[in-house]
Every structure is written in C-alpha cells, then in structure tokens.
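Only this structure's heavy atoms are used, side chains among them; waters, hydrogens and symmetry mates stay out. Throughout, a chain's letter reflects where its sequence line sits, starting with A, and its residues are numbered from 1.
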Amino acid sequence: MVRAMKWFISALLLPAVLSAGCAHSPYATSFPAPSAAPPLPRQVAIAPGPERLPQQSPEISAKSGDESPLVIKKAVKEETAALSPPPESVKSNTEMPTKSANKSITDQEFLDYTEGEDEEKKIGIADPLEPFNRAMYHFNDKLYFWVLKPMAQGYRKVVPEKARIGVGNFFANITFPIRFVNCLLQANIEGAASELGRFVINTLWGIGGILDLASHKDINLSRQDEDFGQTLGVFGLGQGFYINWPLLGPSSPRDTLGWAADFYVHPFSYLTTWDVFLGISVYERINDTSLSIGDYESLKEAAIDPYVAIRDAYVQYRQKKVKDRGVQPEPPKPQGTLSPAVEEASP
Amino acid sequence: MKRPLAGVGILIILFLSQPVHAGAPLDTVQENVTKVLEVLRDPALKAESAKEIKKEKLRPIYNRMFDDVELSRRTLARNWNTLNTPQRQEFVQLFRQVLEKAYVDKILSYTDEKIVYDKESLLSENQSEVPTRIVTSSKSIPISYRMIMKDGLWKIYDVVIENVSLVQNYRTQFNEILAKNTPEQLLETLRKKVKEQ
C-alpha cells in the first residue's frame, strides 16, 4: 500500500517538474554565480582606485571582438612579455587606460579560447540560499571532523582495507537497479547491458558482489554511475540552484528529486524498514569515508573559500556526468598493449 | 661549406617539426611525470627528513611542466585585467605557492599507485588534453592535463581532477572574492594563506 502511494506521488510529481524544467535549454537554469555577473567592472580603473567606469567595458569588449585572431595572439605575447620587466609603479598608473584595451583583447581571447573553455564559462549555479548553505557547510564540516572521521578512523583500524573495499563493492552491487534503470531512461542501452552483465557476474562469481570481477581488465565492464538526477539533466532539466543539505551535502532541486526517485528503486527500501535502511546508509557512509580519509581535508586545505570551492566542484562534477552519459568513464585498458605506457610505481 | 649548412638546415627542420608531432603533449607529460616518480621513489630520499630535499628536486620539474602565467591568467579570467603588472607578478608567485602547499604532500604520499596514460586529444592546434589515471588499490582517479604550446614547448595550464577543473574551481572562488574586494585585498588573503600553513 505504502509503496503504491509512493509511486503514485512520484508519478504525479515528476511530469510536473519535468514540464517545468523542459521549458529551458539544458543549462539555461544554471546561472553564473552571482559574483560572475558584474561584467568587467574594474576593467579600466586598474591600478589604485576602486573608482569604476563600467560604461566603457562594453565598448572595449566589442572592439576586441572585431580583432582578428592573429592580432589577438600577438597581444598575448606582448602581455606575457609585459610581465617580465620590473614593476614601474608610478608610471603604470597613467599608462594603464590605454594598455587595458589591449589587455581586454587578450582577456577575450582567453575566454573564448577553445570550446572547452567556453563550456566551462557556462558552469556555475545560482545560490539564493547562500546564508543557509554556508551554515550547513559549517554543520557538515563539524560533523565530518567530530563524528564521521573519528568513527571512520576507528573502523579503519579494526577492519582491513581489502574487507572495506569488499563492503564498498557489495553496496555498489546492491544498488545496481538504480544505475540500470537510469541507463535505460537515458537510452544508454550499452550502459544498461554493461550494468546487467556486471550484476550477474559480480553476484554469482564475486561472492554476492563483494568482489568486483567485472571491472577486471579481462572482462572490462565498468560501472555506469548513472542516477536520476543525471537522467533529469539529460532530459534537459537544469540544476536550478544550490542546496547544501545537512548530513547529505551538496545538491540542487534537481538532484534532490533524483535522490528521492532513486530511493524507490533502491532494493533496501523494499527489503527493510526505513530505520534499518538509515542504519545501513550510515554504515555505508562510514565505510566509504574510511577509504577516502584525507580527501576532504586536502580539498578544504587547498581552497581559498572552501564553501565556494566545494560548490563549484559539485557543479562541475555533476555537469560533466550529465554530459558524459553513455560514455564509459574510465575503461581499464589491458596494460601494455593499448595504453601508450604504464608506469609501475613500486614502493 | 655547403654541407654543414645543409646539416644545419636539416637540424632546423627537425627542431621545428618536432612540436607538431602528435605525441608531443603526451610525451612531455610522461617524461615529466616519470621524473617526478624518480624523485619520489629515490631510495636515498626515503627518510622523512628528506622531504624538503624532495620538494627542492620537484620544483624545477614543476617549472618545466607548468605555465604559471597562463594558469594564473586563465584562473583570474576577466579579473586578470584589474590587476596591474606588479600585482600580476605577485599573484602568479602567490598562487603558485598556494598550489604547492596544497598538493605537495599529496604528491609526496604516492607510493604504490600506478599511472596509466590514455590517448591525448587536441583541443585546438596549440592546445591539448592528456588524460591519465592514478590507479590505487581501491579506486582509479582520472587526472587530465590541459596543455598549451608556446615557443615549441607543451606546458600545462590546467589540471582536471575527477572532472573538476582546477582553474575553473579557483576562478569561481576568485570571482566571488573580487566581486566584493579589491585585487590588493585578494593578494593579502593569498599572502595570509601562504603564511598560515
């Protein structure tokens, strides 16, 4: 009964959300972050003052658009050269306005450099909930350092790495229906076949999924990390805006909906009650963390503003995943034959 | 007299044609990564105390591998224009130190990881992306190097780790900071960041 209701609700909700989302082009909803919005504000007022002359910037960028690629390239060289001479502090103030026209050319060249660069420019997300999100960032941060990490460290001491990898494989194998269904929804037949093959092989010969034999180079079926959030992305639904959930972390309306939908396909949601499911999820999280202690720390350490760094990493990562559907992410090639070289690092 | 000239001519042709060779970006990465691994695996430097020596040895390799200025300019994007020349110079220096502090320990911690090189792809005539993977016991981490050719040398201007572009990630951060602060304040933040570690 309950399950039927769940399905009914989701069946009602999904088309509504989808139709709302499909009005936009794939990435139309992913606005650039607020900060990216002001177009070339301090362009001209370069050296000391905060005085802004924004009305000049469109002119400059328009001008640079007309420049031929050759001139632009020249300008890049000039600019690199301009870096080497020692600072001319007072002089540069007066010279700057004329120079800046040149510089905006190189800037334009830089922004429109390649298609890859162009795509990157579009990556970004609106963050209207920033105060809430930042608060949740601090909450999750403390949760990690005070609870999750100590637990994972203790667990790591007790359980050998091979067993923890096995547990990770087991959970990954169990969630096969999520990936399989989403491959099908994205019309990725090859991916669905690969997932099906993996499930059969790993369940039967990999001791119920503890061993990931299918990823072995001889079989070479890689995991298709597809979820419903990506499926919605493939259907054309944008991320919308950024939500940083307590406990669950970075997300968006689209991906949150994706989680909810995937939950219905998750075998544990049928086999167990929700409190058991929760317990298992916590355990899975600890197991995962035990295999990646240090990753979060170094990400945070490297960032100037960790909150923004994590938000951007999330958006980039998800966007790439949506774009890469059906492409096998990292086929493990037979070593020594296809890959140009294999570096074997011995301890 | 004619023969030596012809020899020089051939040399010049060989020299000039070398960068156009399709395998060049991949070869460059591979060559440099191999050098990095040599330093990391040097049995004479195994002791914990040799960490600084390792870092010293890695720096010149980094210089050959990376195009600092290109990386900084792409990271600041349009904000690059709001910095004057001395500020740019300082930014390049500081950003480089930030990156070094952030990643050197991770790099020094590599032990039994395997590095697999995949087929490079040309982004444009002078830009290329070299995908590699670091394979550990529990996972495989894709790392791509985006490279640009300048003066016949391929140098890295962006590193994409697990589909997240380093340049793009810092660009978002700097964008937000510079939306509310002056370039000088950004430099001050970076100075503090470099000092605190």
Side-chain angles (χ1 to χ4, degrees), chain A residues 33-36 38 40-43 46-47 50 80 82-83 85 87-89 92 96 100 103-104 106-107 110-111 113-117 120 123-124 161 164-165 168 291 298 301-305 308-309 311-313 316-317 320-321 329-330 332-333 335 339-347, chain B residues 26 30 33-34 37 40-41 69 73-74 77-78 80-86 88-89 92 98-99 102-103 105-106 110-119 123-124 127 129 133 137-140 142 146 162-165 168-170 172-180 182 189-190 193 197:
Chain A
S35 63
L40 316 161
R42 281 179 233 106
Q43 186 107 308
I46 280 182
T80 355
L83 271 170
E88 350 144 42
S89 50
S92 62
M96 268 313 161
S100 70
K103 262 153 208 158
S104 98
T106 63
D107 185 54
F110 153 61
L111 285 176
Y113 216 41
T114 60
E115 273 172 37
E117 276 290 317
E120 273 173 11
I123 297 175
E161 192 186 21
R164 286 180 285 124
I165 293 170
L291 291 167
S298 47
E301 205 45 18
I304 313 294
D305 181 343
V308 176
R311 186 188 70 200
D312 177 79
Q316 280 197 54
Y317 183 74
K320 183 83 180 161
K321 284 224 148 184
E330 33 188 81
K333 289 172 183 168
Q335 291 163 5
S339 47
V342 177
E343 272 299 328
E344 200 91 37
S346 55
Chain B
L26 176 66
Q30 212 171 327
V33 170
T34 309
L37 289 173
L40 295 182
R41 280 187 251 148
V69 177
R73 180 173 38 222
R74 281 167 183 267
R78 62 168 77 103
W80 178 256
N81 296 348
T82 66
L83 272 66
N84 60 33
T85 311
R88 289 179 192 184
Q89 286 171 325
V92 172
V98 167
L99 291 178
Y103 292 100
D105 283 330
K106 196 102 191 156
Y110 283 140
T111 48
D112 55 347
E113 283 83 355
K114 227 169 25 194
I115 295 169
V116 182
Y117 300 91
D118 294 322
K119 205 177 173 322
L123 301 173
S124 73
Q127 285 178 75
E129 183 163 341
R133 279 172 285 139
S137 50
S138 62
K139 58 196 161 194
S140 145
R146 295 203 176 135
E162 296 218 58
N163 292 334
V164 177
S165 147
Q168 165 73 26
N169 193 265
Y170 279 101
T172 312
Q173 296 177 55
F174 291 142
N175 263 340
E176 296 229 337
I177 292 169
L178 285 170
K180 297 172 203 139
T182 62
T189 311
L190 291 177
K193 176 93 189 156
Q197 285 151 333

Enquirer: According to side-chain hydrogen bond (donor to acceptor under 3.5 Å, both in side chains), who are the partners of N163(B), at least two apart in sequence or on a separate chain?
Expert: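 side-chain hydrogen bond (donor to acceptor under 3.5 Å, both in side chains) list for N163(B), sorted by chain: empty.
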
Enquirer: Run Q173(B) and D312(A) through side chain to side chain contact (heavy atoms under 4.5 Å, CB included) and show every step you take.
Expert: CA-CA 8 Å; Q173(B) 296 177 55; D312(A) 177 79; over 6 Å; no

Enquirer: A side-chain contact here means heavy atoms from C-beta on lying under 4.5 Å apart; do N169(B) and Q316(A) qualify?
Expert: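 The answer is yes; the side chains approach within 4.5 Å.
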
Enquirer: Check whether L40(B) gets within reach of chain A through its side chain, its backbone, both or neither, counting any heavy atom under 4.5 Å.
Expert: neither

Enquirer: Looking only at heavy atoms and a cut-off of under 4.5 Å, which of S298(A), A309(A), A313(A) has the most pairs with chain B?
Expert: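 Answer, by heavy-atom pair count under 4.5 Å with chain B: A309(A).
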
Enquirer: Any heavy-atom pair between the side chains of R311(A) and T172(B) that's under 4.5 Å?
Expert: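 Counting from C-beta outward, T172(B) and R311(A) do come under 4.5 Å.
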
Enquirer: Of all the heavy-atom pairs spanning Y170(B) and A303(A), show the shortest one and how long it is.
Expert: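 Where Y170(B) meets A303(A) most closely, the heavy atoms are OH-N, 4.3 Å.
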
